[in-house]
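Take a look at the structure set out below.
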There are 2 protein chains.
Amino acid sequence: MTTTTDLRLDRDTTNCSIARTLEVVGEKWTLLVLREIWYGVSRFSDLHKMLGCPRNLLAERLRKLVEHGILATETYQEDGSRSRSRYVVTAKGNDLVPAVLGLLQWGDKYRADPAGPAVVNRHRGCGAALSVQVRCERDHHVPAAEVEIGPGPGFRTKADPEKVA
Amino acid sequence: MTTTTDLRLDRDTTNCSIARTLEVVGEKWTLLVLREIWYGVSRFSDLHKMLGCPRNLLAERLRKLVEHGILATETYQEDGSRSRSRYVVTAKGNDLVPAVLGLLQWGDKYRADPAGPAVVNRHRGCGAALSVQVRCERDHHVPAAEVEIGPGPGFRTKADPEKVA
DNA sequence: GACCTGAGTACAAAAAGTAAACCTAGCGGT
DNA sequence: ACCGCTAGGTTTACTTTTTGTACTCAGGTC
């Protein structure tokens, strides 16, 4: 990853999509809660059992994820129990899959268990293993060294934070 | 994302590549430090200026990233100054690009500034815009709904954490 | 009416994050 | 030889989060 324009030092850093995403999912446990729900765990007590995190944090993280529309609650009722609610991932939540699989892929490569990864992801139907890739619109595979960062429409400088590029 | 085998409730969660990755880069500021360095900022004081984070945290995060081989230090010398060190991303660090661009892409989609994103990423040379995608080995584009999770070689159950699948 | 279970809330202690002051080389000027 | 400047950190005192555990609450079973 390199840069041609000098975004370096007078860039206004308040408009950053990475930071904005981390505001929502960057706290401890949040992405692991999502992991469990993707893996099929949906009830509060099961999530707590799997994660081993404090119950109040689990409640808070779930509340925030629901607030942001990443999770939704569904009510369900088992025979001989009262109705309860469970958590499911929305389409907005599913759009986090590439980012999270990116983290998973890095962990598989650099911090793997001696026995190998605990889970593998495949393309349902086709059965082939998955990878997360950076591609350009012309469908070239883009390695990190060929990523070029340039100012976008919302680019601002520190000197003049009103004016957009 | 769905699951066929029941990974749900008796899965041993201690072998997880997502969690392992977050142990290294999941603390506050860490991914933003990497962002700045990818954007071309490399000196301690410049990083501090751009991020506005506490200096001790910046020092600690840099130390941890270097320890894990995600960053490396280089010494350089400007005219009339003593030699100093700056931080550069290693190949191991660059392998985090897909994950971080995944976060950026989500932020661009759901939490964009009214004016648009501050930066855009392009394929150097070709000039086309980038996207992060999940693909299978047969090169199908895989939407979240078609991701199938199954036990991998390091899969263990809670009941019997010794035995791998 | 006593007891169980799922889904939380409440709270004290520990850890992490924050802000600002302080330290420490080397340089260049005098 | 001393002075002050600068880059790159440490230290310290304070605030906020996270942790672990205990408690509540509502509906259903016995």
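Here is how names work: the chains are called A, B, and so on, in the same order as the sequence lines, proteins then strands, and each is numbered from 1.
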Enumerate the residues from [range] whose closest heavy atom to DNA chain D is under 4.0 Å, giving them by residue number; use none for an empty result.
range: residues 54-75 of chain A; result: Pro54(A), Arg55(A), Asn56(A), Leu57(A), Arg61(A)
range: residues 16-26 of chain A; result: none
range: residues 79-87 of chain A; result: Gly80(A), Ser81(A), Arg82(A)

Short N-O contact, [X] and [Y], less than 4.0 angstrom:
X: Arg84(B); Y: Glu78(B); answer: no
X: Lys28(A); Y: Glu27(B); answer: no
X: Arg11(A); Y: Asp46(B); answer: no
X: Arg156(A); Y: Asp113(B); answer: yes
X: Glu148(A); Y: Arg122(B); answer: no
X: Arg55(A); Y: Glu60(A); answer: no

Taken to the nearest 0.5 Å, the spacing of Met50(B) CE from Glu36(B) CD works out to 5.0 Å
What I want to check is whether the side chains of Ser17(A) and Asp108(B) have a donor and an acceptor closer together than 3.5 Å.
yes
Give a yes/no on whether any side-chain N or O of Trp29(A) is located under 4.0 angstrom from OP1 or OP2 of dT17(D).
no
Just by modelled atom types, is the [Y] backbone N or O under 3.5 Å from a matching donor or acceptor in the [X] side chain?
X: Arg124(A); Y: Ala145(B); answer: yes
X: Ser83(B); Y: Thr75(B); answer: no
X: His48(A); Y: Cys53(A); answer: yes
X: Gln105(B); Y: Val132(B); answer: yes

Segment of DNA chain C, first to last nucleotide, that comes within the 4.0 Å heavy-atom reach of chain B
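Reading along DNA chain C, I get dG17(C) to dG28(C).
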Starting at the 5' end of DNA chain D, which residue's closest nucleotide do you reach first, Arg43(B) or His48(A)?
Arg43(B)
Close side-chain approach of Asp95(B) and Lys109(A), heavy atoms under 4.5 Å
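They are in contact (side-chain heavy atoms under 4.5 Å apart), so the answer is yes.
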Could you tell me the separation between the CD atom of Glu27(B) and the P atom of dT18(D), rounded to a whole number of Å?
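To the nearest whole Å, that distance equals 12 Å.
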Kindly calculate the angle separating the two end axes of the helix from dG1(C)-dC30(D) to dT30(C)-dA1(D), each obtained from five base pairs, and round it to 10 degrees.
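Between the first-five-pair axis and the last-five-pair axis there is 10°.
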What pairs meet the ring pair (Phe, Tyr, Trp, His ring centres under 6.0 Å) rule with one or both residues in residues 83-108 of chain A, with sequence neighbours excluded?
Trp106(A)-Tyr110(A)
Report the C-alpha separation of Asp139(A) and Arg135(B) in whole Å, then their side-chain angles, then the decisive distance to 0.1 Å, and conclude whether the salt bridge (Lys or Arg N to Asp or Glu O under 4.0 Å) test is met.
CA-CA 12 Å; Asp139(A) 210 38; Arg135(B) 297 261 185 150; 2.7 Å; yes
